Number of protein chains: 2
Amino acid sequence: MEKAQIGRPREFDAEQALQKAMVVFWEQGYEGASLAALTEAMGISRKSMYAAFGNKEELFRKALRRYSEGTVSYIVDALEATTAREVAEVFLTGSVRANTRPGCPAGCLGVQGALAVGETGRVARDVLTEWRAGGQEHLRDRFQRAVEEDDLPAGSDPDLIARYVMTIANGMAVQAAGGATREELLRVAGAALLNWPPA
Amino acid sequence: MEKAQIGRPREFDAEQALQKAMVVFWEQGYEGASLAALTEAMGISRKSMYAAFGNKEELFRKALRRYSEGTVSYIVDALEATTAREVAEVFLTGSVRANTRPGCPAGCLGVQGALAVGETGRVARDVLTEWRAGGQEHLRDRFQRAVEEDDLPAGSDPDLIARYVMTIANGMAVQAAGGATREELLRVAGAALLNWPPA
DNA sequence: GCTTTTATGCACCGATCGGTGCATAACCCG
DNA sequence: CGGGTTATGCACCGATCGGTGCATAAAAGC
């Protein structure tokens with residue numbers, strides 16, 4: 001489905017530029033990331049950005065997709081773990097590592113990218129809200145399966161368990177943004193996992 | 001220490017205006033809240049705002065102080081509870097209610113007010129980071145006391161326990177911003193409190 | 001060569017940003 | 001009544017916001 005190359009070829013690597021944009025959004029949030037900051041980090045002009053990615057909102061959506069497929073890909077491994085407890089463990093430890101990755105902004109793009117925003121950030125905020133809800137649904141479905149497999153006690157509430165685990169992850173993202181270290185957060189994750197199943 | 005009234009008296013209630021500004025910051029974040037939105041909500045002109053509060057940063061600081069003394073005053077009650085477990089319980093249930101107060105924005109000003117920001121929001125972000133750290137320190141000191149009183153097991157780590165409790169609160173703030181209801185969050189808080197002490 | 005198509009750089013757009021100068025208004029004190 | 005002091009409304013500031021028009025450049029297909 002590759003479009004045959006017609007016209008002047010672009011002079012930059014779109015994936016590399018998107019990676020840079022992702023980091024800027026991650027660090028400064030949707031509203032805080034100006035086109036000037038984004039294009040400077042991407043190493044391209046405004047015009048090239050618009051031609052390649054559409055506009056700021058679309059760039060943000062694409063940056064978030066890249067974030068999902070890269071930084072946050074540990075969630076896939078988590079969902080494939082054999083027990084509910086391992087799911088929670090892989091998810092939380094993966095979150096900690098993603099939130100405290102050297103060379104990357106502290107915290108989680110999906111949390112700090114657009115939590116409270118003005119008029120211009122509404123779409124980005126809604127995109128992230130949906131993004132977090134989607135992750136939580138995946139966890140819930142997995143815990144639902146665990147109940148059916150007698151891996152979690154009959155009568156367990158998969159919604160509550162998923163929300164509990166996601167709340168810990170969200171909280172650790174805020175902690176990381178505030179400067180918490182990987183070791184500190186791993187201890188928090190460990191404490192949260194002492195409590196299993198959490199209800 | 002009241003300054004004698006000299007000159008034309010102001011035509012608005014400063015406390016009421018500050019309350020309105022607080023809500024706007026709470027809802028839209030520091031960067032998302034424009035002077036236009038703030039002054040419109042406050043019902044005063046730009047000039048009156050600058051005369052009464054200094055500038056946007058100072059207004060934010062004062063709004064945060066008002067938030068601390070009003071919305072978040074439950075932390076005082078929490079710290080005065082008789083057992084460490086009650087401290088955590090009052091703190092977390094208080095957080096839930098503050099995060100889901102009808103007629104107020106969902107979530108926590110101290111979290112979503114300025115988590116990731118551009119150049120212009122650095123100060124606000126640092127103010128909030130310090131604010132959250134301050135709350136966590138109060139919890140830590142209280143849990144330290146609990147250790148000394150044999151209310152928590154000898155060898156317990158007050159830092160870890162405080163961070164654990166604050167992480168839950170931070171996570172619930174994100175959840176609330178994403179639309180979680182009071183009942184859902186109370187269940188999460190209940191689940192987190194099943195685990196006590198958390199390490 | 002030519003046309004067609006796409007990319008790039010630059011200058012520029014109207015709108016909005018936070019913040020201010022200035023004239024006027026409303027109060028206290030004498 | 002002044003004179004001093006503070007508040008208010010309006011117009012305006014330079015800077016920056018996200019986004020674009022246009023001329024030029026570099027490729028493919030003929």
Side-chain angles (χ1 to χ4, degrees), chain A residues 2-18 20-21 24-25 28-63 113-114 116-125 127, chain B residues 2-18 20-21 24-25 28-63 113-114 116-125 127:
Chain A
E2 276 291 321
K3 189 192 303 184
Q5 175 166 325
I6 304 281
R8 176 175 170 177
R10 68 165 55 108
E11 298 178 354
F12 63 95
D13 181 330
E15 283 305 307
Q16 219 166 291
L18 185 55
K20 297 288 192 170
V24 175
F25 281 130
Q28 316 211 34
Y30 176 79
E31 283 183 328
S34 67
L35 263 300
L38 287 163
T39 53
E40 189 190 0
M42 298 165 87
I44 63 179
S45 71
R46 278 163 134 73
K47 211 80 221 291
S48 298
M49 192 283 281
Y50 277 93
F53 301 104
N55 59 20
K56 194 185 178 185
E57 271 181 21
E58 283 305 310
L59 179 63
F60 184 72
R61 284 192 151 92
K62 282 160 182 156
V117 294
E119 294 284 347
T120 62
R122 294 266 154 86
V123 172
R125 183 198 58 186
V127 165
Chain B
E2 276 291 322
K3 188 192 303 183
Q5 175 167 324
I6 303 281
R8 176 174 171 176
R10 67 165 57 108
E11 299 178 354
F12 62 95
D13 180 331
E15 282 304 308
Q16 220 164 293
L18 185 55
K20 297 288 192 169
V24 175
F25 281 130
Q28 316 210 33
Y30 176 79
E31 282 182 328
S34 67
L35 263 300
L38 287 163
T39 53
E40 190 189 0
M42 298 165 87
I44 64 178
S45 71
R46 278 163 135 73
K47 212 79 219 303
S48 297
M49 192 284 280
Y50 277 93
F53 301 103
N55 60 19
K56 194 185 179 186
E57 270 180 21
E58 283 305 310
L59 179 62
F60 184 72
R61 285 190 150 94
K62 284 160 182 157
V117 294
E119 294 283 347
T120 63
R122 294 268 155 86
V123 172
R125 184 198 58 186
V127 166

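Fair warning: this is a prediction, and the values are worked out from it, not measured in the lab. Chain A is the first sequence line, chain B the second, and so forth, proteins listed ahead of strands; every chain is numbered from 1.
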*Asks:* In whole angstrom, give the distance that lies between atom CE of A:M42 and atom P of C:dG9.
*Replies:*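 A:M42 atom CE is separated from C:dG9 atom P by 13 Å.
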*Asks:* Return the residues of residues 8-15 of chain A meeting this criterion: a heavy atom under 4.0 Å from some atom of DNA chain C. Order them by number, or give none.
*Replies:*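 Heavy-atom contacts with DNA chain C come from A:R8, A:P9, A:R10, A:E11, A:F12.
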*Asks:* For A:E31, what residues pass the side-chain hydrogen bond (donor to acceptor under 3.5 Å, both in side chains) criterion, not counting sequence neighbours?
*Replies:*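 Per chain and number, A:E31 pairs via side-chain hydrogen bond (donor to acceptor under 3.5 Å, both in side chains) with A:T120.
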*Asks:* To the nearest angstrom, how far is B:Q28 atom CD from C:dC17 atom C1'?
*Replies:*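 Going from B:Q28 (CD) to C:dC17 (C1'), I get 14 Å.
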*Asks:* Can you list everything that forms a side-chain hydrogen bond (donor to acceptor under 3.5 Å, both in side chains) with B:E11? Sequence neighbours excluded, please.
*Replies:*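 B:E11 satisfies side-chain hydrogen bond (donor to acceptor under 3.5 Å, both in side chains) with B:R8 once adjacent residues are dropped.
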*Asks:* In chain order, what residues pass the salt bridge (Lys or Arg N to Asp or Glu O under 4.0 Å) check against A:E58, with sequence neighbours excluded?
*Replies:*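 Here the qualifying residues are A:R61.
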*Asks:* Counting neighbours of NZ on A:K20 that are heavy atoms of other residues, nucleotides or ligands and sit closer than 6.0 Å, is the number greater than 12?
*Replies:*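 For A:K20, atom NZ is not crowded (no more than 12 foreign heavy atoms under 6.0 Å).
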*Asks:* Using whole Å, report how far CZ of A:F25 lies from C1' of D:dG18.
*Replies:*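 Rounded to the whole Å, the gap is 12 Å.
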*Asks:* List the residues meeting side chain to side chain contact (heavy atoms under 4.5 Å, CB included) with B:E15, not counting sequence neighbours, and say none if there are none.
*Replies:*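 B:D13, B:R66.
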*Asks:* Looking at residues at least two apart in the chain, or sitting in another chain, which of them share a salt bridge (Lys or Arg N to Asp or Glu O under 4.0 Å) with B:R10?
*Replies:*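 Testing B:R10 for salt bridge (Lys or Arg N to Asp or Glu O under 4.0 Å), a comparison that skips the adjacent residues, returns none.
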*Asks:* Check B:A116 against A:G29 and note the closest heavy-atom contact, atom names and distance.
*Replies:*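 Heavy atoms of B:A116 and A:G29 come nearest at CB-N, 3.7 Å.
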*Asks:* Do any of residues 29-37 of chain B sit with a heavy atom less than 4.0 Å from DNA chain D, and if so which?
*Replies:*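 Within this stretch, nothing sits under 4.0 Å of the strand.
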*Asks:* My understanding is that only residues two or more places apart in sequence, or in another chain, count here; which of them pass salt bridge (Lys or Arg N to Asp or Glu O under 4.0 Å) with A:E40?
*Replies:*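 Listed in chain order: nothing, the list is empty.
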*Asks:* Rounded to the nearest 0.5 Å, what's the gap from CG on A:L18 to CD on A:Q16? Could you check?
*Replies:*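 A:L18 atom CG to A:Q16 atom CD measures 11.0 Å (nearest 0.5 Å).
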*Asks:* Determine yes or no for a side-chain-to-main-chain donor-acceptor pair under 3.5 angstrom, with B:K62 supplying the side chain and B:F53 the backbone.
*Replies:*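 Between the backbone of B:F53 and the side chain of B:K62 there is a qualifying donor-acceptor contact (under 3.5 Å).
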*Asks:* Taking the side chain as every heavy atom from C-beta outward, state whether A:Y30 and A:R125 have any atom pair closer than 4.5 Å.
*Replies:*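 No, their side chains stay 4.5 Å or more apart.
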*Asks:* State which residues pass side chain to side chain contact (heavy atoms under 4.5 Å, CB included) with B:A33; sequence neighbours excluded, sorted by chain then number.
*Replies:*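 Applying side chain to side chain contact (heavy atoms under 4.5 Å, CB included) to B:A33 gives B:V24, B:F25, B:Q28, B:L38.
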*Asks:* Residues from residues 44-62 of chain A sitting under 4.0 Å of DNA chain D, heavy atoms only?
*Replies:*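 Within residues 44-62 of chain A, the residues near DNA chain D are A:R46, A:K47, A:Y50, A:N55, A:K56.
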*Asks:* Where along residues 118-125 of chain B does a heavy atom come under 4.0 Å from DNA chain D, residue by residue in number order?
*Replies:*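 The stretch gives none, as no residue of it lies under 4.0 Å from the strand.
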*Asks:* Who passes salt bridge (Lys or Arg N to Asp or Glu O under 4.0 Å) against B:R46, sequence neighbours left out?
*Replies:*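 Applying salt bridge (Lys or Arg N to Asp or Glu O under 4.0 Å) to B:R46 gives none.
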